[in-house]
**Student:** 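Provided herewith is a single structure, encoded as structure tokens, for subsequent inquiry.
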Amino acid sequence: MDLKDVLTPLVTLAARFTLRNEISKKALEIRTARLESIAAECSDVLTELLNYAGTVAHQVEIQFRMAGEAYGMEMTPSDLRIPVSALDHWIDESNRTVDPARLRHCRHQLAFHRPDEVLRWDQVVLPLIGTLNDFMMISMPGEPMRDMKGMTRNGIEALEFRKTVNEQMLDVGQFRKALTALLLSAEFVPLTRPSPSLAGQFIAWCRIRCNF
């Protein structure tokens with residue numbers, strides 16, 4: 001076998017390996033950047049949700065405490081009632097909000113890129129959203145409009161609400177941290193390292209063709 005017969009296919013194959021390696025590297029970089037973007041976006045929207053939930057729970061506590069002090073000891077927690085519309089007004093004045101569209105977008109991104117994490121989202125994030133919406137009678141896009149006119153909450157309901165929200169906020173906070181740290185886990189190490197298989201294949205081909 002002439003040297004030319006060996007070198008020509010070697011050069012061609014080396015070029016192919018180089019091109020495949022660059023394409024794979026670029027694809028890995030794009031996917032890594034996309035996952036980092038999703039993690040940052042979801043962390044931000046979950047922080048927004050936690051801030052909103054904390055504000056709602058705090059405002060409910062303050063308003064019922066003030067109402068209890070105003071009525072005195074003769075008013076039991078079950079008899080102490082505040083209109084939902086009034087609670088909603090005080091929360092609006094706090095300027096704390098959560099964007100349902102951003103929450104849906106984050107979940108959609110997780111469903112497409114990280115299906116396992118969207119299952120965790122449904123187990124942890126949705127219950128907190130549901131608790132807030134049920135207590136404050138908030139209608140999500142696509143849901144029937146809830147009429148809060150004439151609806152009230154009593155002191156016992158408020159206490160149970162705050163307890164549930166605080167517990168669910170802890171779960172969401174832990175989930176947010178885990179989701180943010182996901183890119184640092186061993187699962188994503190291959191995304192930041194070039195695959196050794198291309199070089200291995202090239203060397204194996206050379207050994208077969210060149211008998212070394």
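Position 1 is the first residue of the sequence; numbering continues from there.
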**Student:** About how many Å separate CZ of R96 and CD of E48, when rounded to the nearest 0.5 Å?
**Tutor:** 9.0 Å
**Student:** Could you grab the distance from atom SG of C42 to atom CZ of R176, nearest 0.5 Å is fine?
**Tutor:**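 If I round to the nearest 0.5 Å, the distance is 11.5 Å.
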**Student:** Can you see which heavy atom on R146 is nearest to which on D134, and at what distance?
**Tutor:** NH1-OD1, 3.0 Å
**Student:** Evaluate S85 against D88 for side chain to side chain donor-acceptor pair (under 3.5 Å), listing each step before the verdict.
**Tutor:** CA-CA 5 Å; S85 58; D88 183 66; over 6 Å; no
**Student:** Atom CG of L50 and atom CG of L128: how far apart are they, to the nearest 0.5 Å?
**Tutor:** 7.0 Å
**Student:** Of all the heavy-atom pairs spanning S78 and I156, show the shortest one and how long it is.
**Tutor:**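 For S78 versus I156, the nearest heavy atoms are CB-CD1, 3.7 Å.
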**Student:** Given side chains that start at C-beta, do those of N154 and I82 come closer than 4.5 Å, heavy atoms only?
**Tutor:**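 With C-beta onward as the side chain, the pair stays apart.
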**Student:** Applying side-chain contact (heavy atoms from CB on, under 4.5 Å) between F64 and each of E157, R162, R153, report the one that passes.
**Tutor:** R153
**Student:** Taking all atoms of both residues into account, what is the closest heavy-atom pair of P115 and V118, and its distance?
**Tutor:** O-CG1, 3.1 Å
**Student:** Does the pair R65 and E69 meet the rule for a salt bridge (charged side-chain N to carboxylate O under 4.0 Å, His left out), with working shown?
**Tutor:** CA-CA 6 Å; R65 181 186 301 170; E69 292 173 353; 5.4 Å; no
**Student:** Strictly below 4.0 Å, N to O, side chains only: are R120 and D171 in salt-bridge contact?
**Tutor:** no
**Student:** How long is the straight-line distance from CD of E41 back to CG of L110, given to the nearest 0.5 Å?
**Tutor:**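 The distance works out to 9.0 Å.
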**Student:** Take V45 and D99, measure what side-chain contact (heavy atoms from CB on, under 4.5 Å) needs, and give me the verdict at the end.
**Tutor:** CA-CA 8 Å; V45 74; D99 188 349; 5.9 Å; no
**Student:** Has the side chain of T152 got a donor or acceptor atom that lies under 3.5 Å from a matching backbone atom of R81?
**Tutor:** no
**Student:** Would you say T131 and Q168 are linked by a side-chain donor-acceptor pair, where the criterion is simply a distance under 3.5 Å?
**Tutor:**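 Present: a donor and an acceptor within the cut-off.
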**Student:** Report the C-alpha separation of V56 and V165 in whole Å, then their side-chain angles, then the decisive distance to 0.1 Å, and conclude whether the side-chain contact (heavy atoms from CB on, under 4.5 Å) test is met.
**Tutor:** CA-CA 9 Å; V56 173; V165 166; over 6 Å; no
**Student:** Would you say W90 ends up clustered with L80 if hydrophobic residues are merged whenever their side chains have heavy atoms under 4.5 Å apart, either directly or through other cluster members?
**Tutor:**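 Same hydrophobic cluster.
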**Student:** Does V98 share a hydrophobic cluster with V172, counting links as ILVMFWY side-chain heavy atoms below 4.5 Å and allowing steps through other members?
**Tutor:**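 V98 and V172: one cluster.
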**Student:** Nearest 0.5 Å, what's the CH2-NE2 distance between W121 and H108?
**Tutor:**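 It is 13.0 Å, given to the nearest 0.5 Å.
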**Student:** I'd like to know if L126 and V124 are part of one continuous hydrophobic network [Ile/Leu/Val/Met/Phe/Trp/Tyr, side-chain heavy atoms within less than 4.5 Å].
**Tutor:** yes
**Student:** Answer yes or no: is there a side-chain heavy-atom contact under 4.5 Å between F175 and Q123?
**Tutor:** no
**Student:** With sequence neighbours excluded, give me every ring pair (Phe, Tyr, Trp, His ring centres under 6.0 Å) pair touching residues 132-165.
**Tutor:**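 The answer is F135-F161.
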**Student:** Count I, L, V, M, F, W, Y as connected when their side-chain heavy atoms are under 4.5 Å apart, and connections chain through other members. Are V60 and I138 then in the same cluster?
**Tutor:**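 Yes; tracing contacts between hydrophobic side chains, which count when under 4.5 Å, links both residues.
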**Student:** For the residue pair T47 and D44, confirm or rule out a side-chain donor-acceptor distance under 3.5 Å.
**Tutor:**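 Distance-only check fails for T47 and D44.
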**Student:** Is there a path of hydrophobic side-chain contacts, each under 4.5 Å between heavy atoms of I, L, V, M, F, W or Y residues, that connects Y52 with M137?
**Tutor:**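 They do not share one cluster, since no chain of ILVMFWY contacts under 4.5 Å joins Y52 to M137.
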**Student:** What is the minimum heavy-atom distance between S139 and P144, and which atoms define it?
**Tutor:** OG-O, 3.2 Å
**Student:** Measure the spacing between CG of L103 and CG of L46 and express it to the nearest 0.5 Å.
**Tutor:**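 Between atom CG of L103 and atom CG of L46 there are 7.0 Å.
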